[in-house]
Amino acid sequence: MNSSPTERFRLDGQVAVVTGASSGIGRHCSLLLANAGAKVALASRNIKELELLAKEIVSAGGHAKAFHLDVTQQSSVTQCFTQITSWAQPTIVINNAGVSVTKSLLEQTEADWDRVVDTNLKGVWLVATEAARTMVATKTAGSIINMASILGERQINGVAPYAISKAGVIQVTKTMALELARYQIRVNAILPGYVITDLNREFLQSELGEKLRMRIPSRRFNEPHDLDGPILLLASAAGQGMSGSTLVVDGAHLVSSL
Ligand code: NAI
């Protein structure tokens with residue numbers, strides 16, 4: 001018999017890797033996935049923060065473990081996946097780690113470009129390919145979710161390398177979806193609009209932030225929990241028919257009037 005609609009969003013028996021899990025959207029997403037029944041591998045550079053989060057999840061009855069990961073280094077990604085797979089075989093990957101450098105185009109340096117593009121684009125590529133290799137080798141069906149941004153499709157002043165890297169993430173998603181479909185591995189991207197996290201709270205609540213909010217047709221910034229539905233849809237059996245898609249979660253910001 002078919003499972004009920006709510007059951008199809010559950011993640012019991014699944015193993016999720018979340019990169020950049022120590023703060024913001026990654027932290028929220030780790031709690032969400034654990035709550036939905038997944039075992040969660042928390043991966044980032046800040047192992048102390050991750051261990052605290054793992055404790056929080058375990059004391060609420062879930063399963064989680066902290067793993068050190070620098071997404072910009074192939075050696076770190078390989079080592080991290082060796083450790084994760086000896087704990088549990090991943091079936092879900094949330095490529096969430098990301099950074100931005102805010103400066104005008106003419107002030108952006110080679111180091112700024114390398115930091116942003118290595119983390120946001122190369123990092124997504126390294127983690128997704130490493131995850132896919134373990135899934136293919138163990139004949140495991142999987143779902144890879146890349147955190148892109150509406151800035152992968154539109155522009156704003158001051159964050160050129162960031163916007164360029166997120167446009168790349170959208171194409172990584174589509175090309176990987178094509179090549180991995182034969183292995184039952186789905187690859188999708190989420191394009192959030194502005195999401196209030198510790199990183200940007202001060203700015204979004206400033207006068208400039210208020211001006212920005214007034215340009216969003218829904219007149220609201222997202223909270224991390226606004227991403228819950230899209231993440232669970234793409235991660236679970238409820239989204240089994242979806243691969244290569246880009247899910248926009250932005251209160252109509254991308255379709256704002258010119
Ligand atoms: P955040 O700064 O709170 O989280 C980013 C995480 O990535 C941190 O835990 C950080 O330690 C980790 N990280 C950075 N470099 C890393 C590396 N080399 N290796 C491993 N981990 C690394 O930011 P936030 O807001 O939670 O963003 C999460 C993702 O969502 C990013 O990819 C961001 O671009 C994307 N996003 C955020 C939006 C927002 O308005 N907050 C809007 C659209 C997309």
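In each ligand, atom 1 is the first atom listed, and ligand 1 is the first ligand listed.
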To check your reading of the model: name the closest protein heavy atom to atom 22 (C) of ligand 1, its residue, and the distance in Å. A97 CB, 3.6 Å
Which ligand 1 atoms are under 4.0 Å away from a heavy-atom of D70? 17 (C), 18 (N), 19 (N)
Minimal non-hydrogen separation, N95 against V124, with atom names: ND2-O, 3.3 Å
Proximal atoms of ligand 1 relative to T72 (non-hydrogen, under 4.0 Å): 18 (N)
Under the 3.5 angstrom rule, does the side chain of T85 hit a backbone N or O of T82 as a donor-acceptor pair? yes
Who's the nearest protein heavy-atom neighbour of atom 14 (C) of ligand 1, and how far? R45 NH2, 3.3 Å
Where the side chain of R186 meets the backbone of S143, is there a donor-acceptor pair that is under 3.5 Å apart? no
For ligand 1, note which part of T197 has a heavy atom under 4.0 Å away: side chain, backbone, both or neither. side chain
To the nearest 0.1 Å, how far is atom 32 (O) of ligand 1 from its closest protein heavy atom, and which atom is that? N96 O, 2.8 Å
Under 4.0 angstrom from ligand 1, any heavy atom of K166? yes
When rounded to the nearest 0.5 angstrom, what distance separates CG in L151 from CG in L254? 8.5 Å
Shortest protein heavy-atom distance from atom 12 (C) of ligand 1, along with the residue and atom involved: G20 CA, 3.6 Å
Run the contact test for T119 against ligand 1 with a 4.0 Å cut-off on heavy atoms, strictly below, and give the result. yes
Please say whether S22 places an N or O atom under 3.5 Å from an N or O atom belonging to ligand 1. yes
Is it true that G193 lies under 4.0 Å from ligand 1, counting heavy atoms only? yes
Only distances under 3.5 Å count here; give the side-chain donor-acceptor pairs of residues 44-57 to other protein atoms, sequence neighbours excluded, each with its distance to 0.1 Å.
{"from": "N46", "atom 1": "OD1", "to": "E49", "atom 2": "N", "distance (Å)": "3.3"}
{"from": "E56", "atom 1": "OE1", "to": "R27", "atom 2": "NH2", "distance (Å)": "2.9"}
{"from": "E56", "atom 1": "OE2", "to": "R27", "atom 2": "NH2", "distance (Å)": "3.4"}

Closest non-hydrogen atom pair between N146 and V172, with its separation: ND2-CG1, 4.4 Å
Please verify whether a non-hydrogen atom of A148 lies at under 4.0 Å from ligand 1. yes
Numbered atoms and elements of ligand 1 in range of G24, under 4.0 angstrom, heavy atoms: 3 (O), 26 (O)
Which protein heavy atom lies closest to atom 37 (C) of ligand 1, and at what distance to 0.1 Å? I25 CD1, 3.8 Å
So does E7 pair up with R10, basic N to acidic O under 4.0 Å? no
Applying a strict 4.0 Å limit to heavy atoms, is N46 in contact with ligand 1? no
Which ligand 1 atoms, with their elements, are less than 4.0 angstrom from a heavy-atom of Y194? 40 (O)
What residue and atom, counting heavy atoms only, is the protein's closest point to atom 23 (O) of ligand 1, and at what distance? L199 CD2, 3.7 Å
Decide whether E179 and T175 meet the rule of one side-chain donor and one side-chain acceptor closer than 3.5 Å. no
Do me a favour and list the nearest non-hydrogen protein atom to atom 40 (O) of ligand 1 with residue, atom name and distance? V195 N, 2.8 Å
Proximal ligand 1 atoms for L69, defined as those under 4.0 Å from one of its heavy atoms: 19 (N), 20 (C)
Between S104 (side chain only) and G158 (backbone N and O only), is there a donor and an acceptor less than 3.5 Å apart? no
Ligand 1 contact by Y162, heavy-atom criterion under 4.0 angstrom: yes
Can you tell me how far the CD1 atom of I231 sits from the CD1 atom of I25, to the nearest 0.5 Å? 7.5 Å
Here the pair of heavy atoms bringing Q108 nearest to V159 is NE2-CA, 4.5 Å
Examine the proximity of ligand 1 to N200 and report which part, side chain or backbone, both or neither, has a heavy atom under 4.0 Å away. side chain
Hey, can you tell me if H253 and Y194 have their rings parallel, tilted or perpendicular (30° and 60° cut-offs)? tilted
N-O pairing of D112 and R115 below 4.0 Å: no
Please classify the V99 to ligand 1 contact at 4.0 Å (heavy-atom distances, strictly less than): side chain, backbone, both or neither. side chain
Cluster question for you: counting only ILVMFWY and a side-chain heavy-atom cut-off of under 4.5 Å, with indirect links fine, are L126 and L180 together? yes
Note: heavy atom closest to atom 21 (N) of ligand 1, options G152, P192, S44, belongs to S44
Protein heavy-atom partner closest to atom 4 (O) of ligand 1 - residue, atom, separation in Å: S23 OG, 3.4 Å
